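What follows is a set of notes on a single structure, which appears directly below.
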Amino acid sequence: MKNISYGVIGLGKFGSVVADELIASGHAVIIADKDEEALKSISNSPKCAYILDSTNTLALKEAGFNDVEIVIVSIGDNVEKSILTLMALKDIGVKTIVAKATSNIHGQILSKLSASKVIYPEKESAKRLVKDFFNKKRNFEIFDLSANTIRAVKITIDDDLAGNSLKHISKNMRVIAYKKSNSNWEIMPNLQTTIVYSGDIIMLLGTAKELSEFESKTM
């Protein structure tokens, strides 16, 4: 599988985490910010790091952003600069641009300017917080196994779920392990015949999309 190259422009709280996660996952990453101190916030070593004006097409080309497959624009403190950066990246031929938006209007402008994807980190974090709250109420624990693509879910069976089969509970997810209360783990149990009881534990595996569908069916 080809190792995709990334560029991250804007190394605030969101951009620095994105850059670190991409580098830790083994991707080639070019980072850039207007502030030298921001570059020091990256824990892992990027392929290249630049202090530059991201609205300047020549500076972007010299840094190599025109050769990067996916660029993440994480400029939140200056909406105008965020928009001009997107336009500059389009001008130098970057095909896939993921842009951070700080408001609905900002996001709408980015979309109209053909951003490949617009993300709202604060809004999405709030949604995850609410989901996590309800998941805890249902004794769910969610583990991110592969850069936000593969998820494992640990479920402790409560009285509401007790008496159901593993097949009924797992829905569209895959059961990889099952543990009866005060017993050992069983790998790949029989979904049809295994009935769960309060205090039992199930481990499920699936993609982020499958987890989202699972949560919508379970909540």
Side-chain angles (χ1 to χ4, degrees), residues 4-25 27 29-44 46 49-61 63 65-66 68-136 142 144 147-149 151 207-209 211-213 215-216 219:
I4 297 174
S5 58
Y6 290 86
V8 181
I9 298 176
L11 300 170
K13 291 180 180 178
F14 176 74
S16 60
V17 171
V18 169
D20 266 327
E21 288 294 319
L22 289 171
I23 297 166
S25 298
H27 295 287
V29 182
I30 299 175
I31 62 173
D33 197 280
K34 63 181 180 179
D35 184 5
E36 182 178 0
E37 288 302 311
L39 301 181
K40 296 177 182 178
S41 67
I42 305 300
S43 302
N44 298 298
Y50 298 96
I51 304 167
L52 53 73
D53 175 4
S54 60
T55 67
N56 186 313
T57 55
L58 180 59
L60 291 172
K61 272 190 174 182
F65 279 96
N66 54 311
V68 171
E69 292 161 282
I70 300 174
V71 177
I72 296 99
V73 179
S74 177
I75 301 173
D77 58 341
N78 189 324
V79 172
E80 182 181 358
K81 188 168 184 178
S82 165
I83 293 167
L84 292 175
T85 297
L86 171 63
M87 294 171 66
L89 289 168
K90 285 286 182 183
D91 286 344
I92 65 172
V94 178
K95 294 287 193 296
T96 304
I97 305 170
V98 178
K100 170 188 171 182
T102 55
S103 68
N104 288 334
I105 293 175
H106 184 192
Q108 288 169 11
I109 294 171
L110 294 171
S111 294
K112 287 183 182 297
L113 291 172
S114 301
S116 306
K117 182 177 177 62
V118 176
I119 54 176
Y120 301 82
E122 290 81 6
K123 187 185 295 187
E124 290 166 13
S125 293
K127 287 180 180 178
R128 282 196 297 271
L129 181 64
V130 172
K131 280 187 178 180
D132 286 346
F133 171 75
F134 284 109
N135 286 341
K136 286 177 182 176
I142 298 174
D144 188 354
N148 296 318
T149 57
R151 305 289 173 82
T207 64
K209 181 181 178 182
L211 175 59
S212 179
E213 293 171 355
E215 288 178 314
S216 67
M219 298 297 290

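What you see is a predicted model, and the numbers here were worked out from it, not measured in a lab.
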Using side-chain heavy atoms (C-beta onward) and a distance below 4.5 Å, is Ile51 in contact with Lys34? no
Q. Under the side chain to side chain contact (heavy atoms under 4.5 Å, CB included) criterion, do Thr207 and Thr149 qualify, and how do the steps go?
A. CA-CA 6 Å; Thr207 64; Thr149 57; over 6 Å; no
NZ of Lys40 to OG of Ser16, rounded to nearest 0.5 Å, is 15.0 Å
From the list Ile83, Thr85, Val79, side chain to side chain contact (heavy atoms under 4.5 Å, CB included) partner of Lys81 resolves to Thr85
Do Phe65 and Ile9 have side chains that get closer than 4.5 Å, going by heavy atoms? yes
Practice task
Check whether more than 12 heavy atoms from other residues, nucleotides or ligands sit under 6.0 Å from atom NZ of Lys61, and answer yes or no.
Solution key: no
Which of Leu22, Val18, Ile72, Leu39 passes side chain to side chain contact (heavy atoms under 4.5 Å, CB included) with Ile31? It is Leu39
Scanning both residues in full, the closest heavy-atom pair of Ser103 with Tyr120 reads O-CE2, 3.4 Å
Review point. Taking the side chain from Ser82 and the backbone from Asn78, do they hold a donor-acceptor pair closer than 3.5 Å?
Key: no
ask   = Taking Asp20 for the side chain and Ser43 for the main chain, is one N or O donor matched with an acceptor at less than 3.5 Å?
value = yes
Between the side chain of Lys90 and the main-chain N/O of Ser114, is any donor-acceptor distance below 3.5 Å? yes
CD of Glu36 to OH of Tyr50, rounded to nearest 0.5 Å, is 15.0 Å
Distance col, row Ile109:CD1 vs Asn104:CG, nearest 0.5 angstrom, shows 11.5 Å
Got Ile75 and Ser54 here, is their nearest side-chain heavy-atom distance under 4.5 Å?
yes
Taking the side chain from Asp33 and the backbone from Ala38, do they hold a donor-acceptor pair closer than 3.5 Å?
-> no
Q) Just by modelled atom types, is the Ile97 backbone N or O under 3.5 Å from a matching donor or acceptor in the Ser116 side chain? A) yes
With a 4.0 Å cut-off on N to O distance, would you call Arg151 and Asp144 a salt bridge? yes
Checklist line | N/O donor-acceptor pair under 3.5 Å between His27 side chain and Ile23 backbone | finding: no
Exactly one of Val118, Leu89, Val8 clears side chain to side chain contact (heavy atoms under 4.5 Å, CB included) with Val73, and that residue is Leu89
Distance col, row Ile92:CD1 vs Leu60:CG, nearest 0.5 angstrom, shows 4.5 Å
Rounded to the nearest 0.5 angstrom, the CG-CG distance for Leu86 and Asp91 is 9.5 Å
Exercise. Answer yes or no: is there a side-chain heavy-atom contact under 4.5 Å between Tyr6 and Val71?
Key: no
